[in-house]
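One structure below.
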There are 2 protein chains.
Amino acid sequence: MTARPAGRPAPTLESVAALAGVSRATAGRVLAGSTTVGEQSREAVLRAATELSYVTNRAARSLMTRRSDSVAFVVGESEERFLADPHFALLLRGAHAALAGQDVQLVFSILAGDAERQRFEHFARGGHLDGVILVSLHGDDPLPRRLLDAAVPVVLSGRPYRPVDGLAYVDADNAGGARSAVELLLDRGRKRIATITGPLDMPAALDRRDGFHAGLDASGMRPHGTADGDFSVAGGRRAMEELIAADPGIDAVFAANDLMAFGAMQVLAEHGRRVPDDVALVGFDDSPLAASVHPALTTVRQPVVAMGAAMAARLMTVFGEGPGDPVPLIMPTELVLRGTA
Amino acid sequence: MTARPAGRPAPTLESVAALAGVSRATAGRVLAGSTTVGEQSREAVLRAATELSYVTNRAARSLMTRRSDSVAFVVGESEERFLADPHFALLLRGAHAALAGQDVQLVFSILAGDAERQRFEHFARGGHLDGVILVSLHGDDPLPRRLLDAAVPVVLSGRPYRPVDGLAYVDADNAGGARSAVELLLDRGRKRIATITGPLDMPAALDRRDGFHAGLDASGMRPHGTADGDFSVAGGRRAMEELIAADPGIDAVFAANDLMAFGAMQVLAEHGRRVPDDVALVGFDDSPLAASVHPALTTVRQPVVAMGAAMAARLMTVFGEGPGDPVPLIMPTELVLRGTA
DNA sequence: GTGAAAGCGCTAACAA
DNA sequence: TTGTTAGCGCTTTCAC
């Protein structure tokens, strides 16, 4: 189907040129923003284009330029968990915002299962994408390497599990953020501090855990418990139960993301522990719900929307660059003081 | 850039044909799945295509077929709220799943602000989209009508605020679901039942409110309070505060979505009301968090992923159809009994 | 069953 | 500054 009432064919550059009384080439120049065009022609073309409400045919353009003018936003996760996390939507929003106005399409894809992974890789290698934003990869996923080998520009959300030559990425200062959370807890006079980690096949979880330990070490203290979660509310609940069972005396918890912190809050309440009086709590993300729970969650904010935008922007500039290792972009975090610590 | 190591040009149909020793036309026929091709040629072509890892150039194909092989998923909402709601991600996932394997791209867009709306409409009218999935529109948005007028197939998520001729949509049985929630509360012996509504410029909120009233009417009862929320946790909190202030004696609440129910749960706890003993609570959505809060939320499940898939499927079939009013698809809801009622 | 040839609408190289 | 020309890679008649 053509998106147009039957009978009226889509206006082409040809028809715009005809109406403006110039050649197709000149019309093309004007629409492409070339400056080497006479004032008269320019105006005539612009008027004609508006008149016909002309829209460039991207297929024809792509064929010539060998660019697709589209960027993929790819979620490398078969599980539901990541999509349920607002983090994902905010990254997407940021990427979209950065691309809006650039005349670049955002193609969305989820890699659920091997079949889809293969289809996607095939598609990407076919030159149908000017770049790929890769999000929520686990472990040592070979996809970035493979795309790079096929000369497809890639930007990763978060550092790769293992360093990959030539791979660009945008990350938050996870270790620094975690450390600042611990320091806050220490400032508040807490002595028995535990942590709930994220899934340890993800670099973000690893870095937050390391930052947590670094913060304690710096004060000559030791963790009073570590329980592994999975970045979900339910995982946070389980981990908190573990922590309490192992050491009923803990007086502070750093959860590696907000969802797990919410789970921990529930469990603490169920065990009759008051937050923050008995147990102080700090999360990570500053997700949209953090301000709405009660008491409101003290957390480490990472600029997720800005990170999404940065990834898209990175991709746009990478297009022009030659070989050489791209510089990772590490965005600062910020402690948001609210009611739980 | 071409997504391919410099020097090695992307294989074309031409090169596949050459390697297979047939004409480009025959190669094309095989790859398009035509049956009028000899067994020998077919095998030769398939082998050659695999050998070269050939990928059809979509731009060239689009140019010929006048189809874009892409569908847009469009969020008509400038506000953050909708994106933070897991509902959105699940719809997206469903739509993506239905399109996977169909060789159709999912183009993602958010209509934040007038500039973006215009750009999008222009783009869509340009015939760059085979169809549009429209999500989270407010009030009497003219966009569906305008797209339809431009002969762009549209499927709406949820019924339109006002009926629009020829507009396809997929909705949940909001009124029925709300009604079943009320009936549960009545079954539990509750007498003083209030509701927290969604934003009343959205049909889903309206229909749930109406279903709530219908359920009460059927038993000859009247609502003990109505407070308007906005589908957010914070809005649910505010509404619950209102409800308690207006009538401290209420013994049940139906919240028009889960996020507001979460807010209500917090406020009830803060006021020393036990859930469900003192006040029973039913939400709507069965969002991923509903099972994780404590007590776990009793709620009305709507099949969101299936709805997203249905919208995409609808779009694919609409392509072929002629004029005539499409039949709306109303998906059933289901009461999920958990701890709050 | 297969091939030759004609474009789809655009951009880019070259002339003028 | 402008126009002419030559394709980009594909699908699709139309012959054979």
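Note that the structure is a prediction, hence the values are computed from the model and not measured. Both backbone and side-chain heavy atoms feed into the values below; hydrogens, waters and symmetry mates do not. A note on names: the letters A, B, ... follow the listed sequences, proteins ahead of strands, and every chain is numbered from 1.
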State which of C:dT2, D:dC10, C:dG9 makes the closest approach to the side chain of B:R66.
C:dG9
Looking at D:dG9, I'd like to know if its phosphate oxygens (OP1 or OP2) sit under 4.0 Å from a side-chain N or O belonging to B:R58.
no
Counterpart residues, salt bridge (charged side-chain N to carboxylate O under 4.0 Å, His left out), relative to A:R42 (two or more places apart)
none
Please report, rounded to the nearest Å, how far the C1' atom of C:dC10 is from the NE2 atom of B:H128.
12 Å
Whole-Å distance, A:R67 CZ to C:dC10 P, equals 15 Å
DNA chain D nearest-nucleotide lookup for A:E39 and B:N57: closer to the 5′ end is A:E39
In whole angstroms, the gap separating C1' of C:dT11 from CG of A:D69 amounts to 13 Å
Residues in salt bridge (charged side-chain N to carboxylate O under 4.0 Å, His left out) with A:R119, at least two apart?
none
Would you classify A:T36 as touching base, sugar-phosphate or nothing, given that sugar-phosphate means primed atoms plus P, OP1 and OP2, and contacts are heavy atoms under 4.0 Å?
base
Proximal nucleotide (of C:dT2, D:dG9, C:dC10) relative to the A:L13 side chain:
C:dC10
Among the nucleotides D:dT11, C:dC10, C:dC8, which one has an atom lying closest to any side-chain atom of A:Y54?
C:dC10
Taken in chain and number order and not counting sequence neighbours, the residues that satisfy side chain to side chain contact (heavy atoms under 4.5 Å, CB included) with B:S157 are B:L91, B:V135, B:M311
Partners of B:V305 by side chain to side chain contact (heavy atoms under 4.5 Å, CB included), sequence neighbours excluded?
B:L90, B:R93
Those residues of residues 14-30 of chain B lying under 4.0 Å from DNA chain C by at least one heavy atom
B:V22, B:S23, B:R24, B:A25, B:T26, B:R29
Does the side-chain contact (heavy atoms from CB on, under 4.5 Å) test come out yes or no for B:R314 and B:V327, once each step is laid out?
CA-CA 10 Å; B:R314 213 53 189 251; B:V327 187; 4.0 Å; yes
May I have the distance from A:M64 (atom CE) to D:dA6 (atom C1'), rounded to whole angstrom?
9 Å
Please lay out, stage by stage, how B:F120 and B:L129 fare under the test side-chain contact (heavy atoms from CB on, under 4.5 Å).
CA-CA 10 Å; B:F120 175 77; B:L129 261 15; 3.9 Å; yes
Phosphate contact (C:dT2 OP1 or OP2) by B:S41 side-chain N/O below 4.0 Å:
yes
Taken to the nearest whole Å, CG/A:L63 to P/D:dC8 is 9 Å
Could you list the residues that satisfy side-chain hydrogen bond (donor to acceptor under 3.5 Å, both in side chains) with B:T36, not counting sequence neighbours?
B:S34
